[in-house]
Amino acid sequence: MLTISEAAMTRTLITTVLVLTITGCSTTPISSLDADPVPPERIYAHDKPLQEEHGTLTLTRDSGLLGSACGIMIKINGVLTTKLNPAETVSLDLTPGTYIISASADQGLCETGVKEVKDTITPNTTIRYRMGYDPSGTLGLFPTMY
């Protein structure tokens, strides 16, 4: 039989472990400067540098274990463009215009919903987005400064 003090310590320990487990399961934002580049064989479209007037779209996937068994597939205006693994980044030259950027997991092991954003690329600018999972396993696609 536990004393009141031992029971309180046990509850505190269990609570601490649960909090650490939950926070340890979400992904962690990473700067595009610190992320690894996506290998060229996983860039399927928009992979050529543009000589004409263009802007840049930089996509970076968070680091962390949650969702790491799945790649995140990126489509731009419905065209499969790249697959990002954890802590990877890719920069794509795009002609000025409005684009729909979508992100979804590539396998059934991860949350399979599609996240989409609409953005406008303007000449000589860089638009940045990051992707990651929250503790509940929900994929997010967020504007970022990094």
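What you are looking at is a predicted structure, and each value in this text was computed from that prediction instead of being measured.
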Kindly work out whether a path of hydrophobic side-chain contacts (I/L/V/M/F/W/Y, heavy atoms less than 4.5 Å apart) joins Ile30 to Ile72.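 No: no chain of side-chain contacts under 4.5 Å links Ile30 to Ile72.
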For the atom pair [atom1] ([X]) and [atom2] ([Y]), what is the distance rounded to the nearest 0.5 Å?
| X | Y | atom1 | atom2 | result |
| --- | --- | --- | --- | --- |
| Thr122 | Ile127 | OG1 | CD1 | 6.0 Å |
| Ile43 | Leu84 | CD1 | CG | 8.5 Å |
| His46 | Thr81 | NE2 | OG1 | 4.5 Å |
| Ile74 | Leu92 | CD1 | CG | 9.5 Å |
| Asn85 | Arg61 | CG | CZ | 6.5 Å |

Using the salt bridge (charged side-chain N to carboxylate O under 4.0 Å, His left out) rule, collect all pairs that involve residues 34-43, keeping only residues at least two apart or in two chains.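 Of all non-adjacent pairs touching residues 34-43, those that pass salt bridge (charged side-chain N to carboxylate O under 4.0 Å, His left out) are Arg42-Glu88.
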Can you run down the salt bridge (charged side-chain N to carboxylate O under 4.0 Å, His left out) pairs that involve residues 119-133, sequence neighbours left out, and say none if there aren't any?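 The answer is Asp62-Arg130.
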Residues in side chain to side chain donor-acceptor pair (under 3.5 Å) contact with [X], at least two apart in sequence or another chain:
| X | value |
| --- | --- |
| Thr126 | none |
| Ser102 | none |
| Thr89 | Thr60 |
| Lys75 | none |

Checking [X] now: which residues fulfil side-chain contact (heavy atoms from CB on, under 4.5 Å) with it, not counting sequence neighbours?
| X | result |
| --- | --- |
| Pro37 | none |
| Thr28 | Ser63 |
| Asp93 | Pro49, Leu50, His54, Thr56 |
| Pro143 | Tyr129 |

Members besides Met73 in its Ile/Leu/Val/Met/Phe/Trp/Tyr cluster (side-chain heavy atoms under 4.5 Å):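 Under the 4.5 Å side-chain rule, Met73 groups with Tyr44, Leu80.
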Hydrophobic side-chain clustering at under 4.5 Å (ILVMFWY, transitive links): who's grouped with Tyr146? Put none if nobody.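 Members besides Tyr146, by chain and number: Met145.
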Please give me the minimum heavy-atom distance between [X] and [Y], naming the atom from each residue.
| X | Y | answer |
| --- | --- | --- |
| Leu139 | Gly113 | CD2-O, 4.4 Å |
| Thr98 | Asn77 | O-ND2, 3.8 Å |
| Thr82 | Val90 | CG2-CG1, 4.0 Å |

What verdict does the side-chain contact (heavy atoms from CB on, under 4.5 Å) test give for Tyr99 and Leu57, after you've listed the backbone C-alpha separation in whole Å, the side-chain angles of each residue and the deciding distance to 0.1 Å? CA-CA 10 Å; Tyr99 294 88; Leu57 173 65; over 6 Å; no
Check the pair Lys115 / Thr138 against side-chain contact (heavy atoms from CB on, under 4.5 Å), numbers first and verdict last. CA-CA 10 Å; Lys115 303 300 179 196; Thr138 302; 4.0 Å; yes
Are any non-hydrogen side-chain atoms of Ser91 and Thr58 less than 4.5 angstrom apart?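 In short, these two side chains touch, coming nearer than 4.5 Å.
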